[in-house]
Protein chains: 2
Amino acid sequence: MKKPLYQQVISDLENKIKSEMKPNDRLPSERQLLKEYGVSRNTIRLALNDLEERGIIYRLHGKGTFVSTIYLDQTNLGSMYSFSEQMSETGHKPTTQNRTLELVTPEEDVANQLNLRAGEKAYKLVRLRLADGVPLMYGETYLPEKIFPNLKMSDLKENLYTVMKQKYNEQSILAFEDVQAVNLDEKDSKVLGVKPGDASLKIFRRAINDKNVPIEFTISLARGDRFIYRSRQYNHLV
Amino acid sequence: MKKPLYQQVISDLENKIKSEMKPNDRLPSERQLLKEYGVSRNTIRLALNDLEERGIIYRLHGKGTFVSTIYLDQTNLGSMYSFSEQMSETGHKPTTQNRTLELVTPEEDVANQLNLRAGEKAYKLVRLRLADGVPLMYGETYLPEKIFPNLKMSDLKENLYTVMKQKYNEQSILAFEDVQAVNLDEKDSKVLGVKPGDASLKIFRRAINDKNVPIEFTISLARGDRFIYRSRQYNHLV
DNA sequence: ATCTTTAACTGGTTAGTACCACATTCTACA
DNA sequence: TGTAGAATGTGGTACTAACCAGTTAAAGAT
């Protein structure tokens, strides 16, 4: 499985930027890059578009293409829609401890979030996420039984979203996330390995599939000193 | 001032989608669109890229291009891009105290976020936001002088984004927001009217205009017990 | 010397063509 | 009557070739 050309250019430029360049340094012009890599300008621009979109570079008409500043700070871990992906991207080794998986009748608030009727059950999955071996995030995930029947711990060796897709052909198109700051209590602070009272991000995530049916509800606690929630907002007002 | 072709295609497609199409409807194929609009495939793909990036459409290799589900639901508030709007929608009376506005040479990290060169100045605006008279959020906003020359306190009777648009014809298309949980120190806790050590959301916002030029950088502190950061995540990963 | 013009950069837009990879349908062979 | 395979449609990648539109610095005129 060989990568497309422009993705190779992306990787290469990204590495060079990371290792050899400083913020606001100028990159070679598009016409120079085209010669260096032996590809067309189209391909170069595809690669640069990607880097620009991800905030790694910025372009100024008539002046050139430059290294952004935001890129370097490693602490930027991004929003949590896929913990493992984001970790890998930022060069950290992500691990997940699946602690418990049980079939429960959820509390009313959780049931509401999942549009469950009285008595309908859901799987409750408790996970601890670590980066480079350090606890970073603790999460309780609820998955409706009617959508994910017969879910097993052994399924969860894979990424959760992979399991959803492959075993159940379910996929989250849209997720709503609410983020709140809380002071950790004794118990939770112990789990995350910090002091009681330390600030923590509490993230509520509600994911729905393409038919607007809720398929996941997760409550997470993330260490305030190590986790940054990142999102991007588009304003298409026109 | 005539728009580029592909932007016309974007507007036109966007209108059609809004007025005539339903979620998951299929758009004409790229090769059909190319004939309809009398432009090259390159141009069509540029337009579709934009719509895809903004979550309005999604593409499936071999199958076609489709209308996303998210676009319809009007609740387009996304996040905190406009404090006042959001508050009104939730039924609270928002007020803003503009405390200070001064022209400063920002620290390096702020300068970097705004892509300012050494010595370039920015307006620093300090604001306190209240809901129903209770302090809720404290924010420092930096605005590049070269983009907003001659900014005055009296301009700020209006909503900041209204001023940007009307006085300077600037508009933020995309904003990156990083959200972190912190424990408040003595000073900040006093401003927000809570106890030192209380958890708070620290929000970094970097907004750029349609030319990818940073036009705003804001650092906010929001009361953890009263403020929830809300966002939505689209996954058309397939 | 100073100002104006021009030339030579930069990224931005557009056209046209070709082929690849995935998905579906139609067709021909067993 | 199936089933393998071809044909056709979709988006994805890639190249070539121009020209447009800002920016900067060199060349020229005053």
Side-chain angles (χ1 to χ4, degrees), chain A residues 1-13 17 21 24-53 55-68 165-166 169 171, chain B residues 1-13 17 24-53 55-68 115 117 120 146-147 169-170 173-174 208-214 236-238:
Chain A
M1 166 179 153
K2 64 162 187 285
K3 282 190 197 175
L5 268 182
Y6 80 93
Q7 287 189 18
Q8 296 177 34
V9 176
I10 293 175
S11 310
D12 192 73
L13 280 177
I17 290 172
M21 302 186 73
N24 298 319
D25 277 2
R26 211 180 93 180
L27 273 73
S29 76
E30 297 181 353
R31 286 159 179 88
Q32 274 174 277
L33 289 172
L34 145 185
K35 284 173 198 159
E36 279 183 36
Y37 288 98
V39 298
S40 74
R41 184 151 171 234
N42 220 324
T43 303
I44 290 293
R45 281 186 64 82
L46 270 183
L48 293 180
N49 281 347
D50 185 282
L51 294 173
E52 183 183 35
E53 205 181 307
I56 296 173
I57 60 170
Y58 61 95
R59 308 201 262 204
L60 296 179
H61 194 171
K63 290 187 159 180
T65 303
F66 305 84
V67 177
S68 287
K165 184 79 200 299
Q166 292 187 350
N169 195 32
Q171 193 177 3
Chain B
M1 165 182 148
K2 65 163 190 285
K3 282 191 198 173
L5 269 182
Y6 80 94
Q7 286 189 19
Q8 295 177 34
V9 176
I10 293 176
S11 309
D12 192 73
L13 281 177
I17 290 172
N24 298 318
D25 278 1
R26 211 180 93 181
L27 273 74
S29 76
E30 296 181 355
R31 286 158 179 90
Q32 274 175 276
L33 289 172
L34 145 185
K35 284 174 198 161
E36 278 183 38
Y37 287 97
V39 299
S40 74
R41 186 154 169 229
N42 219 326
T43 303
I44 290 293
R45 281 187 63 82
L46 271 182
L48 293 180
N49 283 346
D50 185 283
L51 293 173
E52 183 183 34
E53 204 182 308
I56 296 175
I57 61 169
Y58 61 95
R59 308 201 261 204
L60 297 179
H61 194 172
K63 289 187 160 182
T65 303
F66 305 85
V67 177
S68 290
N115 286 337
R117 295 162 204 273
E120 288 184 321
K146 58 184 170 187
I147 296 181
N169 196 31
E170 284 288 348
I173 296 294
L174 173 60
I208 62 179
N209 66 11
D210 57 354
K211 297 188 181 56
N212 271 302
V213 177
H236 315 124
L237 318 175
V238 184

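What you are looking at is a predicted structure, and each value in this text was computed from that prediction instead of being measured. The chains referred to below are lettered A, B, ... by the order of the sequence lines, with proteins before strands, and numbering in each begins at 1.
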*Taking atom C1' of D:dA14 as reference, at what distance in whole Å does atom CD1 of A:Ile10 sit?*
14 Å
*Find the distance A:Tyr37:OH to D:dA14:P and express it as a whole number of Å.*
14 Å
*OP1 or OP2 of C:dA15 under 4.0 Å from side-chain N/O of B:Thr43*: yes
*In chain order, what residues pass the side-chain hydrogen bond (donor to acceptor under 3.5 Å, both in side chains) check against A:Asp25, with sequence neighbours excluded?*
none
*How long is the line joining CZ of B:Phe66 and C1' of D:dG11, in whole Å?*
10 Å
*How close or far is atom P of C:dT14 from atom CG of B:Asp50, stated in whole angstroms?*
13 Å
*C:dG16 P sits how many Å from B:Ile44 CD1, rounded?*
12 Å
*Once you round it to whole Å, what is the distance between P of C:dA18 and CG of A:Asn42?*
16 Å
*For B:Gln8 and C:dG12, give me the distance from atom CD to atom P, rounded to whole Å.*
19 Å
*Rounded to the Å, how far apart are B:Asn49 CG and C:dT13 P?*
12 Å
*Would you say A:Ser40 reaches D:dC15's phosphate, i.e. side-chain N/O to OP1/OP2 under 4.0 Å?*
yes
*Residues two or more places apart in sequence or in another chain: which of them pass side-chain hydrogen bond (donor to acceptor under 3.5 Å, both in side chains) with A:Thr43?*
A:Ser40
*B:Ile17 versus B:Ile57: any side-chain heavy-atom pair under 4.5 Å?*
yes
*All side chain to side chain contact (heavy atoms under 4.5 Å, CB included) counterparts of B:Leu34, not counting sequence neighbours*: B:Arg41, B:Ile44
*Check side chain to side chain contact (heavy atoms under 4.5 Å, CB included) between A:Lys35 and all other residues, then give those that pass, not counting sequence neighbours.*
none
*How do B:Leu34 and B:Leu46 order along DNA chain C: which one's closest nucleotide is nearer the 5' end?*
B:Leu46
Distances under 3.5 Å between protein N/O atoms and the N/O atoms of nucleotides 9-11 of chain C, please, pair by pair.
unit_1: C:dT10; atom_1: OP1; unit_2: A:Ser29; atom_2: OG; d: 3.0
unit_1: C:dT10; atom_1: O2; unit_2: A:Gly62; atom_2: N; d: 3.4
unit_1: C:dG11; atom_1: OP1; unit_2: A:Thr65; atom_2: OG1; d: 3.2
unit_1: C:dG11; atom_1: OP2; unit_2: A:Glu30; atom_2: N; d: 2.9
unit_1: C:dG11; atom_1: N7; unit_2: A:Arg31; atom_2: NH1; d: 2.8
unit_1: C:dG11; atom_1: O6; unit_2: A:Arg31; atom_2: NH2; d: 3.0
unit_1: C:dG11; atom_1: N2; unit_2: A:His61; atom_2: NE2; d: 3.2
unit_1: C:dG11; atom_1: N3; unit_2: A:His61; atom_2: NE2; d: 3.3

_Partner residues of A:Arg59 under the side chain to side chain contact (heavy atoms under 4.5 Å, CB included) criterion, sequence neighbours left out_ = A:Glu30, A:Arg45, A:Leu48, A:Asn49, A:Glu52, A:Thr65
*Considering only heavy atoms from C-beta outward, does the side chain of B:Asn115 approach that of B:Val213 to under 4.5 Å?*
no
